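A quick write-up on the structure given underneath.
Atoms within a ligand are numbered from 1 in the order they appear, just like the ligands themselves. Nothing here was measured: the structure is a model prediction, and the numbers come from that model.
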Amino acid sequence: MDAAPRRCHRGFVTRAIDADYLVVGAGATGMAFVDALTDHADVRVAVVDRRHSVSGHWLEAYSFVRLHQASAFYGVASTLLGGGRLQQNGPEEGLQERATQSEICAYYERVLERMVGSGRVELFPNCEYVGDRTVVSRVSGQRYEVSERCRVVDARYLAPTIPAESPPPFHIGDDARVLPVNALPRLEEAPSQYVVVGSGKTATDACIWLLSRGVDPDAICWVRPRDPWMLNRAVVQPDPAVFLGMVADTMQAAEVASSLEDLFLRLEDAGVMLRIDRAVTPTMAKAPTLALWELEQLRTVQNVVRRGHLTSVDRGRLTFADGSVAVADDAVVAHCAADGLRSRPLVPVWRTEAITLQPIRAGFPCFGAALVGYVEATREDDEEKNRLCPPSPYGNSLAQWARMTVLGAQAARAFSTEPDIKDWSDEVALNPARIPPGHAGSAALDEARDRLARHSRSGLARLAELS
Ligand SMILES: Cc1cc2nc3c(=O)[nH]c(=O)nc-3n(C[C@H](O)[C@H](O)[C@H](O)COP(=O)(O)OP(=O)(O)OC[C@H]3O[C@@H](n4cnc5c(N)ncnc54)[C@H](O)[C@@H]3O)c2cc1C
């Protein structure tokens, strides 16, 4: 794929990459796009990433992270992650496996091998896309260019920021011990107190991990600027009766909800949403999944600081806009406050300058990127492709979660009207709402579909009003 040198630049010969697509980002979305595209079109793809290999943010994630939902919903369309296996023991027995960091990275390496073996995909690791169709190696300084006919694919538009790579969003005094969450398993001496800073999945993982290592719940101070709603993992499973039952519950709750707060309380009653503290009304709805055993453990952490965002950490003291809170002098502060789900403006997926990967069906970034890859492979006209795949945002506030659900449902209706896309998406395990071909069916599935048919229209209309 690497063609003849074209000209000199600062002593380096700029090489032309001869490819039909230049994919910027070899994380989950870039890999899902390339896999679906190359499985359905005879094209040549160059994938660049500033990291040393494929797998995106997982390469730098904390060691105790796992997917928060089923492995089957994650990865690429051609290759099932986790083999569809159920957990055989432990507190999540009967639920789908959730891959660990090392399993995810090993999976993407295998997927890369298959892609490269096809002779149509080449990875340019440690290479930065600097704009203007130009890529520069961060190791050798080598520059590469792609021609005007090569389509640029932005597979980093919604890439998460992670604590290991982003400084904490608060000031750190000289004598304070602030560490990214990744450093917790490498501590050599136990402090008398841990301070966990953050409201999302990383912070909940940190608390659960500390508790699993025998830390007393009273030795944890949890700075939680917002309280989160989280999805009950048991109802986000790759079983159509379970998943569609959850969507039907959501529509039924929305239909009669008097406000967004009321909607989420109804979803809690229906076993769909969870909150850590039943005395507090959450304002955050990024809605990762959580298991009931995790919820129970999180509730044992009673020292929760709700003073908004932390502005500064000093030895023995946490400072907020409205005052300060004393902590132990030797407290270790775990930074878990990065933006794991980015909130950026929606843009059309297909534009002249780039194909910008975003979720299509609500959430599920891997399915969205794979769908865009399939549609790109099978259609010519960008306007038509944009009509079939309008993007949907991630949730953050309750209103944004409602908007995500409405836009995601509209998008699912748009792409499902095309028979070939419907057939493809029913085959793909990444699609949470599919009924696989040959599925035996069940009374529970019939019941869920019946409720969906009766409540979707009015539920979505009400959600649109509320958002
Ligand atoms: C801890 C954590 C757990 C999560 N768990 C889940 C989960 O269970 N399920 C789920 O659906 N989502 C989950 N997410 C959400 C996340 O959005 C998805 O996991 C997904 O991996 C994001 O993929 P991405 O391709 O957008 O980003 P990334 O994986 O970050 O990939 C983007 C890549 O682009 C590269 N890049 C950026 N700019 C450039 C440039 N200029 N030049 C070259 N390369 C560049 C980066 O190096 C990066 O490797 C989680 C997020 C976090 C932080």
When you pair each N or O of ligand 1 with protein N or O atoms, which pairs come out under 3.5 Å?
from, atom 1, to, atom 2, distance (Å)
ligand 1, 8 (O), His68, N, 2.8
ligand 1, 9 (N), Gln69, NE2, 3.2
ligand 1, 11 (O), Gln69, NE2, 3.3
ligand 1, 19 (O), His57, NE2, 3.3
ligand 1, 19 (O), Tyr74, OH, 2.5
ligand 1, 21 (O), His57, NE2, 3.1
ligand 1, 21 (O), Tyr74, OH, 2.5
ligand 1, 25 (O), Ala28, N, 3.4
ligand 1, 25 (O), Thr29, N, 3.0
ligand 1, 25 (O), Thr29, OG1, 2.7
ligand 1, 29 (O), His57, N, 3.1
ligand 1, 38 (N), Arg50, NH2, 3.4
ligand 1, 41 (N), Glu128, OE2, 3.3
ligand 1, 41 (N), Tyr129, O, 3.2
ligand 1, 41 (N), Arg156, NH1, 3.3
ligand 1, 42 (N), Tyr129, N, 2.9
ligand 1, 44 (N), Arg50, N, 3.2
ligand 1, 47 (O), Asp49, OD1, 2.6
ligand 1, 47 (O), Arg51, NH1, 3.4
ligand 1, 49 (O), Asp49, OD1, 3.1
ligand 1, 49 (O), Asp49, OD2, 2.8
ligand 1, 49 (O), Arg51, NH1, 2.9

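Using modelled atom types and a 3.5 Å distance limit, the side chains of Glu268 and Trp229 yield no donor-acceptor pair.
Scanning for side chain to side chain donor-acceptor pair (under 3.5 Å) contacts around Trp209 gives an empty result, with sequence neighbours left out.
Using a 4.0 Å cut-off between a side-chain N of Lys or Arg and a carboxylate O of Asp or Glu, Arg149 and Asp18 qualify as a salt bridge. Salt bridge present: Arg50 and Glu128 bring a charged side-chain N and a carboxylate O closer than 4.0 Å. Electrostatic pairing of Asp227 and Arg275 does not count as a salt bridge here, judged by no charged N lying under 4.0 Å from a carboxylate O.
A donor-acceptor pair is defined here as one N or O able to donate and one able to accept, closer than 3.5 Å; such a pair exists between the side chain of Asp35 and the backbone of Ser78.
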